[in-house]
Protein chains: 2
Amino acid sequence: MFTVGEFAQLARVSKRLLRYYDEIDLLKPAHTDSATGYRYYTAEQMAHLNRILVLKDLGLSLDQIRRMLVDRVSTDELQGMLLLKKAEIEQMLRSELQRIRKIEARLHAIHSMEEDQPLDVVIKQIPSQQALSVHAVLPSFTDALAMHRLIQHALPARGDYGLSFTICRDAEIIDQNLILEIGKLIDTPKSSHTPVRVSESVKLSLRELPAVEAMATTIVTGGLDVIHAGYSKMGLWAQANGYHLSGMPREMMLKAAATPDGSDLVTEIQFPVEQA
Amino acid sequence: MFTVGEFAQLARVSKRLLRYYDEIDLLKPAHTDSATGYRYYTAEQMAHLNRILVLKDLGLSLDQIRRMLVDRVSTDELQGMLLLKKAEIEQMLRSELQRIRKIEARLHAIHSMEEDQPLDVVIKQIPSQQALSVHAVLPSFTDALAMHRLIQHALPARGDYGLSFTICRDAEIIDQNLILEIGKLIDTPKSSHTPVRVSESVKLSLRELPAVEAMATTIVTGGLDVIHAGYSKMGLWAQANGYHLSGMPREMMLKAAATPDGSDLVTEIQFPVEQA
DNA sequence: GCTTGAGGTTCACGTAACGTCAACGCTTAG
DNA sequence: CTAAGCGTTGACGTTACGTGAACCTCAAGC
């Protein structure tokens with residue numbers, strides 16, 4: 001029989017830990033003096049403690065260990081728990097490897113473009129959204145900007161409209177003509193008063209932008225040249241981080257231009273992606 | 001300007017998160033109404049938030065991110081932190097791989113020896129310990145057991161003695177003759193009254209067992225045959241888990257034999273090991 | 001018998017990054 | 001006028017595994 005102190009020293013654990021394991025019914029001393037409350041452990045319990053420490057080291061929680069040891073679980077179940085734990089660790093290893101890859105990509109980005117800040121790309125899930133939009137074939141993004149202004153003026157000020165957006169319906173951005181969808185999100189999807197609306201020769205129609213599971217997004221501040229550069233950087237980023245494009249890119253105008261050149265535009269570029 | 005709700009929805013984070021980041025000075029809204037306390041965020045702050053989310057995803061803590069962004073840390077330092085984080089993750093990957101190996105070894109052990117319980121091997125650090133011991137060349141462990149009894153009787157009952165131990169001074173356990181060190185630990189190292197002590201023809205001398213950084217230990221219950229089997233299993237275990245022997249094995253007698261055959265002996269087998 | 005060290009219990013804290021709930025104020029739409 | 005909806009603060013919970021401090025009791029050696 002050993003007292004806590006002796007037992008703790010032999011096992012090289014703290015006395016506190018032994019009391020704790022007693023408290024959570026993981027390892028009760030073989031005998032507890034009812035008068036003094038003193039705990040007494042047998043030599044055989046050292047084997048028990050060792051088993052606990054080993055299983056803990058394998059990554060099992062104390063709760064699982066208690067179920068396995070105190071509740072006398074079968075060898076098959078134990079094997080199952082170990083296999084499960086192993087699978088868990090393997091999953092974790094994969095995600096940590098991915099993380100390492102991202103860190104390396106970022107380090108590379110810092111190194112290669114010294115003063116240009118590296119892109120901050122966040123992947124988020126986007127729900128489906130209702131929108132009022134029009135399809136247009138335009139010679140340049142500058143015309144798209146004009147179109148946005150036109151729409152802005154045509155819509156009533158007091159209507160639950162959200163952000164202005166542009167969708168490139170053609171994956172290849174051709175300098176000649178752009179196939180675009182231009183419009184505004186609708187904040188309150190309940191508004192049934194928005195089936196169509198006319199503004200000169202363009203008609204806005206109600207549309208539902210599909211949900212996207214993984215949308216790679218980044219914020220750019222600046223005019224059309226900066227936005228265009230952002231598109232190409234997003235492509236590089238996807239390349240470096242193991243994603244590939246899986247849908248039509250979108251642009252969300254977070255802040256409209258105050259100056260004519262649009263140098264204070266704030267735009268969120270959105271790329272639907274998939275793990276390559 | 002966006003309110004928390006709008007900003008949260010755009011960024012796809014919770015409002016709570018934004019308030020939290022405000023509270024910990026990680027991302028303060030561009031403006032806070034002093035009357036109502038309402039928070040207002042600008043479009044530019046979305047870029048800021050994105051950077052925070054990206055760095056968080058890379059595994060940095062919010063505290064580190066604050067230091068990097070709010071306290072305007074240099075690119076070099078940022079690079080250093082990322083490299084450090086990468087090294088951390090790599091270290092973690094190594095230890096998790098080791099863990100996987102241990103789990104696999106255990107699964108294999110469960111599978112191969114169906115009813116014999118797999119060995120529970122715990123690695124601990126052992127400090128140097130004082131002991132009273134004698135060196136002996138004996139034909140068998142049975143004689144060692146007898147020697148332990150002899151010593152037990154020769155020593156005064158009331159002396160701060162600890163466990164009985166045996167050290168195999170020869171790595172190869174030869175059936176012919178064993179080179180052993182037999183004795184008892186001394187609990188209170190201050191006892192200067194124990195320089196030597198005589199008992200018939202054997203003399204116990206004061207000795208200091210060296211500290212061991214990594215001691216693989218396991219508990220076996222049973223007679224000499226069981227203990228001997230434990231030795232060989234420990235060898236197999238080390239093999240399977242990537243360790244190798246780096247010193248003289250020790251045996252600690254946790255519980256002396258009550259029966260002559262020693263079938264209720266409880267012994268801790270100790271192998272000094274190193275990572276292979 | 002006295003001191004001392006080891007034992008006991010109980011409460012609290014500590015991490016990291018929020019989630020959840022309660023109570024309350026302000027504004028607007030019906 | 002009132003209820004809905006959004007905003008605020010504050011406190012507590014979560015998860016897992018313990019550690020620390022304060023305070024009290026008890027066994028044992030001299």
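Lettering follows sequence order; numbering is per chain, from 1. Since we're looking at a predicted model, the values are computed, not measured.
In terms of heavy-atom proximity, A:Ile123 sits nearest to A:Ala214 at CG2-CB, 4.0 Å. Closest approach of A:Ile103 and B:Leu58 over heavy atoms only: CD1-O, 3.6 Å. Heavy-atom minimum distance, B:Gln125 versus A:Arg12: O-CD, 3.1 Å. Taking all atoms of both residues into account, the shortest heavy-atom contact from B:Ser164 to B:Gln152 is OG-OE1, 4.4 Å.
Spacing between atom OH of B:Tyr20 and atom P of D:dG10 amounts to 16 Å, rounded to whole angstrom units. Rounded to an integer number of Å, the gap from A:Leu27 CG to D:dG18 P is 13 Å. Taking atom CZ of residue B:Phe2 and atom P of nucleotide D:dG7, one finds them 13 Å apart after rounding to whole Å. For B:Lys15 and D:dG5, the NZ to P distance is 12 Å, given to the nearest whole Å. Regarding B:Leu18, its CG atom lies at a distance of 11 Å from the P atom of C:dC18, rounded to whole Å. We find that CD of A:Glu6 is positioned 13 Å from C1' of C:dG5, with the value rounded to whole Å. Computed from coordinates, the A:Ile24 CD1 to D:dA16 P distance equals 11 Å when rounded to whole Å. Between the CG atom of B:Asp22 and the C1' atom of D:dT9 there is a distance of 12 Å, rounded to whole Å.
For B:Glu104, the salt bridge (Lys or Arg N to Asp or Glu O under 4.0 Å) partners two or more places apart in sequence, or in a different chain, are A:Lys86. A:Glu88 pairs by the side-chain hydrogen bond (donor to acceptor under 3.5 Å, both in side chains) definition with A:Lys85, not counting sequence neighbours. In this structure, A:Glu208 has no salt bridge (Lys or Arg N to Asp or Glu O under 4.0 Å) partners at least two apart in sequence or on a different chain. Shown here are the side-chain hydrogen bond (donor to acceptor under 3.5 Å, both in side chains) partners of B:Arg16, two or more places apart in sequence or in another chain: there are none. Every residue two or more places apart in sequence or in another chain was checked for a side-chain hydrogen bond (donor to acceptor under 3.5 Å, both in side chains) with A:Asn241, and none qualifies. Scanning for salt bridge (Lys or Arg N to Asp or Glu O under 4.0 Å) contacts around B:Arg207 gives B:Glu181, with sequence neighbours left out.
Contact annotation for B:Tyr21: backbone-only contact, meaning every heavy-atom pair under 4.0 Å involves sugar-phosphate atoms and none involves a base.
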Detail all sub-3.5 Å separations between protein N/O atoms and N/O atoms belonging to nucleotides 23-27 of chain C.
none

Set out, line by line, the N/O atom pairs under 3.5 Å between protein and nucleotides 9-14 of chain C.
| unit_1 | atom_1 | unit_2 | atom_2 | d |
| --- | --- | --- | --- | --- |
| C:dT9 | OP2 | A:Arg39 | NH1 | 3.1 |
| C:dT9 | OP2 | A:Arg39 | NH2 | 2.8 |

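For the helix from C:dG1-D:dC30 to C:dG30-D:dC1, the axis fitted to the five pairs at one end and the axis fitted to the five pairs at the other end meet at an angle of 40° (nearest 10 degrees).
When side chains are defined from C-beta on, B:Tyr40 does not count as touching B:Pro29, because their heavy atoms never get closer than 4.5 Å.
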Indicate every side-chain donor-acceptor pair of residues 18-27 of chain B with a distance under 3.5 Å to a residue at least two apart or in another chain.
| unit_1 | atom_1 | unit_2 | atom_2 | d |
| --- | --- | --- | --- | --- |
| B:Asp22 | OD1 | B:Lys28 | NZ | 3.0 |
| B:Asp22 | OD2 | B:Arg39 | NE | 2.8 |
| B:Asp25 | OD1 | B:Lys28 | NZ | 2.8 |

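Ring geometry, B:Phe2 versus B:Phe7: the interplanar angle falls from 30° to 60°, so the pair is classed tilted.
With hydrogens and angles disregarded, a donor-acceptor distance shorter than 3.5 Å links the side chain of B:Thr218 to the backbone of B:Asp120. Formation of a donor-acceptor pair under 3.5 Å by the B:Gln45 side chain with backbone atoms of B:Thr42 is found in this model.
No side-chain N or O of B:Arg67 forms a donor-acceptor pair with one of B:Gln64 less than 3.5 Å apart.
The stretch residues 47-68 of chain A has no heavy atom under 4.0 angstrom from DNA chain C at all. Within residues 81-90 of chain A, no residue has any heavy atom closer than 4.0 Å to DNA chain C.
Note on A:Thr3: every side-chain N or O is 4.0 Å or more away from OP1 and OP2 of C:dA6.
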